[in-house]
Protein chains: 2
Amino acid sequence: MSNVTISDVARKVGVSESTVSRCLSGFNVRNAEAIRKAIKELGYRPNLVARNLKSGRTGLVALIVPDITNPFFASIVRGAELAAGEDYMIQLINTGEQPEREEWAIQRMMGQVDGIIYVPSQEDSEAMTDVTDRSIPLVFVDRLIKNFRNIDSVLADNLTGGEMATQHLLEHGHTKIAHISGPLTSTPGKERAAGFARALKAHKIKEDSNYFVESDFTVLGGYQAMMSLLSLPTPPTAVFVANNQMTIGALKALKEKAIKTPEKMAIIGFDDHELTDLIDPPLTVISRDAHLQGAIAMQTLLERIKGGNQFPPKRIKVDVRLIVRGSCGSTCRHRETSTSNANKVLSASTRS
Amino acid sequence: MSNVTISDVARKVGVSESTVSRCLSGFNVRNAEAIRKAIKELGYRPNLVARNLKSGRTGLVALIVPDITNPFFASIVRGAELAAGEDYMIQLINTGEQPEREEWAIQRMMGQVDGIIYVPSQEDSEAMTDVTDRSIPLVFVDRLIKNFRNIDSVLADNLTGGEMATQHLLEHGHTKIAHISGPLTSTPGKERAAGFARALKAHKIKEDSNYFVESDFTVLGGYQAMMSLLSLPTPPTAVFVANNQMTIGALKALKEKAIKTPEKMAIIGFDDHELTDLIDPPLTVISRDAHLQGAIAMQTLLERIKGGNQFPPKRIKVDVRLIVRGSCGSTCRHRETSTSNANKVLSASTRS
DNA sequence: TTGTAAGCGTTATCAG
DNA sequence: CTGATAACGCTTACAA
């Protein structure tokens, strides 16, 4: 905490506080040189808190995510930070998917930050009533809350993703296909499951409720889900796992039971990782540009902070793509397909 | 930004601002009920910035790390956040290992936060002159800056870690052992390399400069380093890689060249990951409790914020341990060893 | 217990 | 261009 204030500088130079302030803001003042010298000598540093009180902005954006330890969210955060540039700093909060913690975070952030980027755990959360009341800028990333349909969101094309994943397994001749899904109360959990169902339907395969396990997006959850699938009288021959963490758990279960992939069990995950290339066999996944998703979210938030409600709510969906490796079996027609070619272009990913 | 202030509430109830303020602080006031009601109706939320200006504290702690995308740093951050509880929020900054960015971050944080937890990229950085000048609480994690020997730090026992890793390779009969090191200008880079050298020396093996590649802690760096080792006339038969990212790169190189592990090349990494279990073969690593390291750092910082300079600088080292999997060859005497048994106990990990 | 008033450090306004 | 003065929203002596 810097205890030397602007008035110390002013006194030392023999000018008024306003002059020093103006000098700092880049205006032409008479004793500019002397002032700069005094600032250095005294080690003066403007108190940003005071400045913020005056200006009404904090230069802070809250990023509320389930778990920064999940590389996917880490990438979101990184992307958002880069998009923020030097104007806004990131205030990070991990919620551990706990709604109470989310509510607490939202409450605490209001009035402390200029905007919030939020990954809610539940679509029906009530955590945010206050947020819209005070109309503090907010953007949902990756997931959203149902009752707030008029708020900006930057999701992935989960429906297509789930469909592509399942389709990929179907193309390898599987018919006994299971889905380890995330919580159906969450956006990606619900949408990816819907994609799964849609692909099955398109191939006239009727859903077997035994082959649908709703889990919780955690490693342990994925492990348990796979274990329960393996203990079925007739286990599936292929499984689509709805996120990266559960996929790790599922793979651990397969390894523990010494089930050969893809021979005895084909597996496709959602979200990529630097290491998925190196596991045995390399993991086939549906992926997307998390960095980009975070960047778009930040960009949208900043527009909202600047422009207020000048423009209607944005509902952006980032493209997903299939990355074929070894975990679903050998060669396939396509190596890598995407829902569109313009994945890297910010504007091109905007829909609806 | 909440535009309804404490005076709006006061006016509505017909009391003074101070009364409302006191009510908020938990004091007994006459119209407490009416005040609470008015607060709810108006949707009043205290402006924390104003509060901070008065109190001189921000409730913010800056966490300056190279890259949150590296799961190791993510764990550090998570551990720190948990240790902070509800009193302090985390302000996150990624530096990308760029000293200029670190300097900028430090400058910007001062006067905006109550303390800083910092992972500097270089031991000889000048980024922090101002920090000590103003005596804003600071704690180094994982790495430190040389010229600031009287500042708290929470490192890992890198020397022992490097030694254990190398020792482990030696015990498998290797003599042509290489080290892909981090930058020798960074604390862990230097110390792990020192551990490597010490273990070789203890076994009377003289260092071959061809077998020592200084890299940069990145995936690409690790890849290139391994490639260069493989192109040697007589490549090493084992390699100790100094961090997780470079290990991924090194493994990619091995895979690309179809070099069998551990038969043709044994490999041991530094820092564990949920997926290292699943790669082929499972990766043997030196590991430590990053969560704990972050937690200790935060705890130390908070003590410093509260207690000022009541106590001498702490230099804490967290224990490392060897996790034996398959990448260094078959069975070995020990499955898991640690530099001490009390790794989980905060106080027990404190040294010097 | 309550209200009044001063002040946290800065910047914006306004007259000079 | 400059300097006094008034805010920004809140807390806290101080006096009642």
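Since this is a predicted model, take the numbers as computed values, not measurements.
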Chemist: Whole-Å distance between C/dG9 P and B/R57 CZ?
Modeler: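 Checked: the CZ to P distance equals 17 Å.
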
Chemist: Does the side chain of A/T19 get closer than 4.0 angstrom to OP1 or OP2 of D/dT2 through an N or O atom?
Modeler: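 Looking at the OP1 and OP2 atoms of D/dT2, neither is under 4.0 Å from any side-chain N or O of A/T19.
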
Chemist: Using a heavy-atom cut-off of 4.0 Å across all strands, would you classify B/V15 as base, sugar-phosphate, or nothing?
Modeler: sugar-phosphate

Chemist: In residues 27-41 of chain A, which residues come under 4.0 Å of DNA chain D by heavy atom?
Modeler: A/N28, A/V29, A/R30, A/N31

Chemist: Nucleotide by nucleotide, 5' to 3', does protein get under 4.0 Å of the base (B), only the sugar-phosphate (S), or neither (-) in nucleotides 10-16 of chain C, counting heavy atoms?
Modeler: BBBB---

Chemist: In whole angstroms, how far is the C1' atom of D/dC10 from the CG atom of B/N52?
Modeler: 10 Å

Chemist: Whole angstroms only, please: what is the CG-P distance between B/N3 and D/dG9?
Modeler: 9 Å

Chemist: Closer than 4.0 angstrom, basic N to acidic O: yes or no for A/K12 and A/E41?
Modeler: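 Answer for the salt bridge query: yes.
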
Chemist: Not counting sequence neighbours, which residues clear side chain to side chain contact (heavy atoms under 4.5 Å, CB included) with A/E17? List them please.
Modeler: A/I6, A/S7, A/A10

Chemist: Can you give me the closest heavy-atom contact between A/I151 and A/R315, atom names plus distance?
Modeler: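 Heavy-atom minimum between the residues: O-NH2, 3.5 Å.
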
Chemist: Give me the atom names and distance for the closest heavy-atom approach of A/R304 to A/P312.
Modeler: NH2-O, 3.4 Å

Chemist: Could you tell me which residues satisfy side-chain hydrogen bond (donor to acceptor under 3.5 Å, both in side chains) with B/S121, sequence neighbours excluded, listed by chain and number?
Modeler: B/E102

Chemist: Looking at A/E86 and B/R108, is there a salt bridge between them, counting it only when a charged N and a carboxylate O are closer than 4.0 Å?
Modeler: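 Looking at A/E86 together with B/R108, the answer is no, because their closest N to O distance does not fall below 4.0 Å.
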
Chemist: If you look only at distance, which donor and acceptor atoms sit under 3.5 Å apart when one is on a side chain in residues 136-144 of chain B and the other is two or more places apart or in another chain?
Modeler:
unit_1 : atom_1 : unit_2 : atom_2 : d
B/D142 : OD1    : B/R288 : NH1    : 2.6
B/R143 : NH1    : B/E97  : OE1    : 2.9
B/R143 : NH2    : B/E97  : OE2    : 3.2

Chemist: Measure the distance from CG on A/L53 to P on D/dT11 and round it to the nearest whole Å.
Modeler: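 These atoms are roughly 12 Å apart.
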
Chemist: How would you list, by chain and number, every residue that makes a side-chain hydrogen bond (donor to acceptor under 3.5 Å, both in side chains) with A/Q310, sequence neighbours excluded?
Modeler: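 Listed in chain order: nothing, the list is empty.
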
